[in-house]
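See structure below.
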Amino acid sequence: MEKLARLANFEVAAILYEVADLLEIKGVRFKPHAYRRVAQAIDTLPEDVADLVREGRLGEIPGVGKGISGKITEIIETGSLGYLESLREELPEGVQELTRLEGIGPKKALILSRELGIRGIDDLETAAAAGRIRDLPGFGEKTEENILAGIRMSRMAGERHLLGYILPTALDIERRLSSLESVSQVSLAGSVRRRKETIGDIDILAASTHPEEVMNAFVTLPGVSRILARGVTKTSVVLETGVQVDLRVVEDEHYGAALQYFTGSKEHNIALRRLAIARNLRLNEYGLIDLADGHMIAGEDEAGVYRALDLSWIPPELREDRGEIEAARTDTLPDLVGYGSIRGDLHVHTRWSEGAHSIEEMAEAARALRYEYIAICDHSETLHIARGLSTERLADQIREIERINRAADDGFTILSGTECNIGMDGSVDLPDGILADLDVVVASVHSGFKQPRREMTDRVITAMQNDNIDIIGHPTGRILLSREPYQIDLARVFEAAASLGVLMEINAFPGRLDLPDVNCRQAREAGVRFSLGSDAHSQKNLRYMEFGVATARRGWLSADDIANTRSLSDLRGFLRS
Ligand code: DGT
Ligand code: CA
Ligand code: CA
Ligand code: ZN
């Protein structure tokens, strides 16, 4: 028995889902549904499926008959499934790869393979670009467009990484380099320094008079798997995680100009260089040169470069050529919200729904971050996959939170809340009575993403008209590197939010960062105010708040625009009651 492969439930489920997909591709009827049903049951099972196998209790899972039971046992005992292997071999090459694209199910994949001989994503792209797909049965021009968009998305996902997963690594490398004796200054540069939501590669700049020593230390850092290019001024490596890191080493004298240059963005740099040229100056990675006499008038420190161009220093998050240079010239840059300005987290999950920790444990972690409050916003009932709370359970939770608050009495407050679902018609899945008892109500779209733009817009606005709703959660629904936002007229949503006093969430979870930065700025101009939430599912996730702040900064927001930069009593004024 110790030999059991001990796969987690979701891994067992993944194997069964794949069996279902392959059977469907083969055109087998009914069986795919049966496998999928069991896979789903296992995915949401409160117990370990391995325990059920050991205790001979697989029959308790709905839909499990003799055949599937034997297969689950095989998966648990061996870690794989022979039946799946043979199904994989039967299929035409590349068909399964196609089904991994958004919008291509098994049926479509098989038609593409059979009718056009498509053997993979590259083939598919060629065919779609040539307009050969629209005439296939069940396809059309729209499908063809969607296929191309899906391919672009999957390519990009291969090349870019989420800021939330990259930043800790980047900071660790920065810290290790800064501890070297041969390094006098070091900074992150590139998109990581600008805190862009996704990162192509990590750029780091160091100042040193002994660049070889720095490069030696760099290529032998833990986690480096391969050296791509090695030189005295620039070295590039690939980490075991597949992420590329570029290190440049310059002399102190040029450090400021180099930092400015390698921070980018490219568009910002181009605009800045144009401004320099207009003043008979030349800006490059070495410094700012006066073309009249050839003297270097700035270069040692970054602020000095901007100052010499008659600009205030521009925070890296704004350097995207979206008007920041003009604002720096007229001294009208926004007073950006600070990374330490957040006084509480307004979107936290617990073990009551799909979180990993109890209410007390989340509160304890929040205290450690010096927060003054958190809002517990577990899912409501209709979100079954997240084990959402029924009205009765939510009422229990409210009482439990009251009890914990009374017992602690240390100035930290746990707010009761929910993340309820906005239905197709804009109604939410909790009665007004209980919503009115909550401190914070977040309402989010979790289903029906394909609704036409007009209906989706009306749906969200209808939800906002319920005056128990304080916040719209992750308002565009996008998932970075994998799912496009749903179709929605944000201008109309913002206008309604501003007039109704509903806050727009900036969901700080690394794969969301939703509202996106550019939309934050539009919303602010429409008079909207914001709420930052980590959407934490564990104590550790509370730290994601930093990425929400980064998004707010990239969206030109000030502390004033954000509800949870306020003390608890001021926060109440931002919430509708
Ligand atoms: P990424 O890596 O795709 O997330 O984006 P960045 O901005 O980090 O771009 P990267 O790594 O190619 O280059 C780092 C910085 O170096 C970039 O932000 C600006 C500067 N840079 C790179 N290539 C050029 C260029 O051709 N022209 C100008 N003006 N600046 C450049
Ligand atoms: Ca980069
Ligand atoms: Ca780079
Ligand atoms: Zn949500």
Side-chain angles (χ1 to χ4, degrees), residues 159-163 166-167 169-170 173-174 187-205 218 228-229 231 233-239 243-248 258-259 261-269 285 316 319-320 346-350 353-355 375-389 417-423 428-429 440-449 460 463 469 471-479 483 485-486 504-515 531 533-537 541 544 548:
E159 288 162 13
R160 299 193 69 81
H161 313 269
L162 298 179
L163 172 69
I166 292 291
L167 188 61
T169 310
I173 299 175
E174 183 193 24
S187 170
L188 299 181
S191 52
V192 184
R193 184 170 182 232
R194 304 196 312 278
R195 300 293 192 270
K196 201 175 143 131
E197 59 202 20
T198 64
I199 304 296
D201 65 4
I202 299 175
D203 297 281
I204 303 185
L205 177 73
F218 177 58
L228 288 178
T233 56
K234 179 180 173 185
T235 294
S236 298
V237 300
V238 179
L239 305 178
V243 178
Q244 182 178 330
V245 188
D246 293 347
L247 173 66
R248 274 116 179 156
L259 183 57
Y261 181 87
F262 292 114
T263 296
S265 65
K266 197 170 155 181
E267 292 73 18
H268 173 87
N269 287 356
E285 63 266 50
R319 301 185 194 172
E320 300 291 347
L346 294 180
H347 189 162
V348 171
H349 294 276
T350 72
S353 65
E354 58 181 342
I376 304 297
C377 297
D378 278 312
H379 288 288
S380 53
E381 194 165 21
T382 56
L383 200 63
H384 300 292
I385 46 161
R387 285 189 283 139
L389 270 58
T418 178
E419 181 184 8
C420 57
N421 301 311
I422 302 177
V428 295
D429 61 341
V440 177
V441 176
V442 179
S444 312
V445 170
H446 286 126
S447 60
F449 301 124
V460 172
I469 288 168
I471 299 165
I472 296 297
H474 43 76
T476 78
R478 71 153 176 196
I479 304 290
R483 191 172 79 203
Y486 36 71
M504 287 289 121
E505 178 179 72
I506 300 175
N507 187 298
F509 214 74
R512 288 200 182 268
L513 302 183
D514 185 9
L515 271 185
S531 149
S534 66
D535 205 350
H537 286 60
N541 291 170
Y544 291 158

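Just the heavy atoms: all of them, side chains too, but no hydrogens, waters or symmetry mates, feed the values below. Note that ligands are numbered from 1 as they come in the structure, with each ligand's atoms numbered from 1 the same way. Since we're looking at a predicted model, the values are computed, not measured.
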**Study point:** Distance criterion under 2.8 Å: protein N/O/S atoms around the Zn ion (ligand 4)
**Key:** 3

Exercise for review: Give a yes or no on whether the backbone of Y261 and the side-chain of N269 come within a donor-acceptor separation of less than 3.5 Å.
Suggested key: yes

**Study point:** Member of D203, L167, D201, T263 meeting the side chain to side chain contact (heavy atoms under 4.5 Å, CB included) criterion with V192
**Key:** L167

Exercise for review: Can you see which heavy atom on N541 is nearest to which on H537, and at what distance?
Suggested key: OD1-N, 3.0 Å

Check your understanding: Taking C420 as the fixed residue, which of L389, V442, V441 is the one that meets the side chain to side chain contact (heavy atoms under 4.5 Å, CB included) rule?
Key -> V441

Exercise for review: Would you mind checking if E197 and R478 are paired as a salt bridge, meaning a charged N to carboxylate O distance below 4.0 Å?
Suggested key: yes

Exercise for review: For the Ca ion (ligand 3), check which protein N, O or S atoms are under 3.0 Å away and list them.
Suggested key: D201 OD1, D201 OD2, D203 OD1, D246 OD2

Point to revise | Parallel, tilted or perpendicular, as decided by the 30° and 60° cut-offs, for the rings of Y486 and F449 | key: parallel

Check your understanding: When E505 is tested against each of D535, I472, I471 for side chain to side chain contact (heavy atoms under 4.5 Å, CB included), which residue passes?
Key -> I471

Review point. Closest approach of G200 and R160, non-hydrogen atoms and distance?
Key: N-NH2, 3.4 Å

Review point. What residue among K196, R194, K266 forms side-chain hydrogen bond (donor to acceptor under 3.5 Å, both in side chains) with E320?
Key: R194

